[in-house]
Structure formats: C-alpha cells, structure tokens
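This report refers to the structure that appears directly beneath it.
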Amino acid sequence: MLVAVAMFSLMDAGLKQLSAHYPPFQVSALRGAASLPFVLAWALATVGARPLLRIRWPLHLLRGVLGVAMMAAFVYAVARLPLSTAYSIFFVAPLLITALSVPLLGEKVGPRRWIAIAIGLAGVLVLLRPSGEGLISLAALAVLLAAAMYAVSAITVRVLGRTDSVQAMTVWLLAMIAVGAGAIAWPQWVPLRGEHAWLILGVGVAGALGQYAFTEAFRLGEASAIAPLEYTALLWGVILDATLWGVLPDAITWLGAAIIVASGLYLLRRERLRG
C-alpha cells in the first residue's frame with residue numbers, strides 16, 4: 001500500500017504539471033489513455049479477455065461518468081491548490097462512503113460513526129475557512145466534488161465486486177475516462193508538446209504501477225489494517241509541494257487535515273471492531 005500511495009502521488013504531481021499547459025478534461029483523458037495499455041496488459045496476463053467482456057455494463061458506464069467528472073474536477077483543483085491541501089480535503093471521501101452506504105446499500109451506521117462523520121466534515125470547514133481569507137474557492141469545491149464522485153464510485157465497486165473482476169473494473173474505468181474526457185476535450189484540444197512526452201509516460205507508468213500495488217495490497221492484507229496507510233499521501237503531498245513548487249501547508253491546513261484524518265481512522269477502527 002505504501003508503494004501504491006507513492007505511485008499515485010507521483011502521478012498526481014505529473015497531472016499538476018500537465019494542468020499548467022492543458023485543459024482539465026484533456027489532462028484527464030491523457031491520464032486514462034497513458035495508463036490503459038499497461039493495465040490492459042496486466043489484466044490479460046492475469047485473468048484473460050473473457051472476464052473483461054462479461055461485465056455489468058450499466059454500472060460500468062455509471063462508473064465511467066463518475067470517473068470523468070472526478071478526474072476533471074481533481075485536475076482543475078490541483079492546478080490551483082497545493083497537493084497537500086487537495087489531499088487533505090479529498091480525505092473526506094471515506095467519511096462520505098460511510099454516509100452514502102446507508103441510503104445506497106442499506107447498511108447501518110451507529111451514532112458514534114455519525115459523530116465521527118460530522119467531526120470530519122467540520123475539519124473540511126476548518127480547511128475551507130469560509131469566514132476569512134481562506135481556501136474556499138472553486139478549486140476547493142472541485143476537490144469536494146471529486147471526493148463525492150469517488151465515494152459514489154466506491155459504492156458501485158462494492159456492488160460490482162460481487163460479480164466482476166478488479167481487472168475489468170480498472171480497465172473499463174480507464175478506457176471510459178480516456179474516451180469520455182477525450183470527447184469532451186476534443187473541441188478545445190491543445191496540441192501536445194514534445195517536451196511533455198516524458199510527463200505523460202510517467203503519469204501512465206506511475207498510475208499503472210499504483211493500481212497494481214493497490215490491488216495486491218488488498219489481495220494480500222486485511223483492508224482494515226491497510227486502509228490507514230492511504231493517509232501517507234499527505235506526507236507525499238508535502239514533500240512534492242516543497243520540492244517542486246516551494247510550498248508548505250500552514251497551521252490551519254494541518255489542523256483541518258488532522259481532524260479529517262482522525263475521523264477517518266476512527267471510522268476504520270469502528271469497522272474493524274464491527275467485523
């Protein structure tokens with residue numbers, strides 16, 4: 001999981017670099033297209049072609065729409081926010097997944113977990129600082145939109161996981177992001193510059209390696225023990241921000257992030273106890 005988080009963080013840094021030169025939907029399309037060949041080769045080598053075709057198409061199409069919206073919103077946000085700030089806000093996604101599991105999956109969430117969700121959302125308000133010269137902006141709201149789309153997509157994964165392989169879900173999500181975001185971006189497509197070829201390749205390789213490591217982590221380990229390691233993305237965000245852009249999070253950002261992460265870790269602990 002630590003390798004997966006590192007790879008995805010490097011991928012996001014590449015997306016942030018590309019977003020300075022290309023529109024959000026075009027960057028999203030490049031992310032999907034760059035990783036797709038590597039992920040497709042992995043899928044064919046592990047499960048073959050048949051499981052990739054015998055799938056529940058309506059739910060995959062829904063995931064594709066959500067994936068396009070999520071990627072475009074996240075790319076728009078990281079073009080304007082430090083990675084550490086974007087990650088801190090995006091950490092609200094596990095809280096949203098727990099909340100949405102009630103109306104969408106019929107799961108029961110006890111009062112302690114609802115309190116943890118409320119505290120985590122309060123952490124988001126701390127990050128946004130709506131009453132002062134804070135981060136509340138279209139970029140911050142775009143991260144919240146991306147987190148919400150990710151949460152709904154994660155709910156669909158719980159349903160798809162009963163019948164479809166991880167490989168099929170990964171391949172078709174990337175394919176739909178590449179095609180869907182590419183179609184939206186096409187009228188304002190900016191010609192690719194040769195000096196960005198290494199960045200696009202790096203995004204593709206890092207994204208594919210991250211997905212492989214992520215899948216292996218959950219195959220070999222317990223989800224309740226592995227999931228907290230996702231929060232190490234904040235450390236990578238700080239390192240990349242400081243190294244590439246000379247930016248460090250302020251005290252308010254650390255406070256908001258700490259509240260959200262603490263709420264997420266508490267939810268994971270409650271899930272483990274329930275399990």
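We're numbering straight along the sequence, starting at 1. Owing to the predicted nature of the structure, the values given are computational and were not obtained by experimental measurement.
- Residues passing the ring pair (Phe, Tyr, Trp, His ring centres under 6.0 Å) test with W245, sequence neighbours excluded: none.
- S88 approaches I260 most closely through the heavy-atom pair O-CD1, 3.4 Å.
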List the atom pairs, donor and acceptor, that lie under 3.5 Å between side-chain atoms in residues 93-101 and the rest of the protein, sequence neighbours left out.
from : atom 1 : to   : atom 2 : distance (Å)
T98  : OG1    : P94  : O      : 3.2
S101 : OG     : T98  : O      : 2.6
S101 : OG     : E107 : OE1    : 3.3

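- The shortest side-chain heavy-atom distance between M7 and L10 falls under the 4.5 Å cut-off.
- Every residue two or more places apart in sequence or in another chain was checked for a ring pair (Phe, Tyr, Trp, His ring centres under 6.0 Å) with F8, and none qualifies.
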| query | Could you go step by step and tell me if V157 and R63 meet the side-chain contact (heavy atoms from CB on, under 4.5 Å) rule? | reply | CA-CA 9 Å; V157 167; R63 283 194 76 221; 3.6 Å; yes

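- The ring pair (Phe, Tyr, Trp, His ring centres under 6.0 Å) search around Y266 returns none, not counting sequence neighbours.
- Atom CD1 of residue I252 and atom CG of residue L127 lie 9.0 Å apart, to the nearest 0.5 angstrom.
- Heavy atoms only, all atoms of each residue included: L174 and S35 are closest at CD1-CB, 4.0 Å.
- Residues G123 and I259 approach most closely at CA-CG2, 3.6 Å, considering heavy atoms.
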| task | Evaluate side-chain contact (heavy atoms from CB on, under 4.5 Å) for K16 paired with L83, printing each intermediate quantity in order. | result | CA-CA 8 Å; K16 183 175 176 65; L83 278 178; 4.2 Å; yes

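- Here the side chains of Q26 and L18 are not in contact, with every heavy-atom distance at 4.5 Å or above.
- I239 belongs to a hydrophobic cluster whose remaining members, ordered by chain and number, are L235; membership requires side-chain heavy atoms of ILVMFWY residues under 4.5 Å apart, directly or through intermediates.
- Side-chain polar atoms of Q167 and T46 form a donor-acceptor pair below 3.5 angstrom.
- Annotation for A217 and M1: closest pair CB-N, 3.7 Å, computed over non-hydrogen atoms.
- Shown here are the side-chain hydrogen bond (donor to acceptor under 3.5 Å, both in side chains) partners of E230, two or more places apart in sequence or in another chain: there are none.
- The salt bridge (charged side-chain N to carboxylate O under 4.0 Å, His left out) analysis of residues 49-59, with sequence neighbours excluded, yields no pairs.
- By the side-chain hydrogen bond (donor to acceptor under 3.5 Å, both in side chains) test, T232 is found to be paired with no residue, residues two or more places apart in sequence or in another chain being considered.
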Taking only distance into account, with no hydrogens and no angle test, what donor-acceptor pairs under 3.5 Å do side-chain atoms of residues 70-80 form with protein atoms, sequence neighbours excluded?
from : atom 1 : to  : atom 2 : distance (Å)
R80  : NH1    : Y76 : O      : 2.9

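- Interatomic distance, NE2 of H60 versus OG1 of T156, reported as 8.5 Å (0.5 Å rounding).
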| request: Would you sort out whether V27 and H21 count as a side-chain contact (heavy atoms from CB on, under 4.5 Å), showing the intermediate values? | output: CA-CA 9 Å; V27 175; H21 306 279; over 6 Å; no

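- Going from atom CH2 of W172 over to atom CG of L59 covers 15.0 Å, rounded to the nearest 0.5 Å.
- Contact check for V3 versus L209: no side-chain heavy atoms found under the 4.5 Å cut-off.
- Under the 4.5 Å side-chain criterion, counting only non-hydrogen atoms from C-beta, T215 is not in contact with Y212.
- Under the 4.5 Å side-chain heavy-atom criterion for ILVMFWY residues, no single connected hydrophobic cluster contains both F38 and V179.
- Proximity of L240 to S9: side-chain heavy atoms (C-beta onward) are separated by under 4.5 Å at one or more points.
- The hydrophobic cluster containing I177 does not contain V65, counting ILVMFWY residues as joined when their side-chain heavy atoms lie under 4.5 angstrom apart, directly or transitively.
- Sorted by first then second residue, the salt bridge (charged side-chain N to carboxylate O under 4.0 Å, His left out) pairs that include residues 185-211, not counting sequence neighbours, are R193-E195.
- Between atom NZ of residue K108 and atom CZ of residue R113 there is a gap of 11.5 Å, rounded to the nearest 0.5 Å.
- Closest heavy-atom contact between A257 and L234: CB-CD2, 4.0 Å.
- The line from CG of L145 to CZ of F90 is 10.0 Å long, rounded to the nearest 0.5 Å.
- Nearest heavy atom pair, residue W114 against residue V109, reads NE1-O, 3.1 Å.
- Separating the CD1 atom in I184 from the CH2 atom in W186 is a distance of 14.5 Å, to the nearest 0.5 Å.
- Although no hydrogens or angles enter the test, the distance criterion places no donor-acceptor pair under 3.5 Å between the side chain of D164 and the main chain of I55.
- With sequence neighbours excluded, no residue satisfies side-chain hydrogen bond (donor to acceptor under 3.5 Å, both in side chains) with S263.
- The environment of W198 atom CH2 is sparse: at most 12 non-hydrogen atoms of other residues, nucleotides or ligands sit within 6.0 angstrom.
- The hydrophobic cluster containing V205 also contains V203, counting ILVMFWY residues as joined when their side-chain heavy atoms lie under 4.5 angstrom apart, directly or transitively.
- With sequence neighbours left out, Y87 forms a side-chain hydrogen bond (donor to acceptor under 3.5 Å, both in side chains) with D12.
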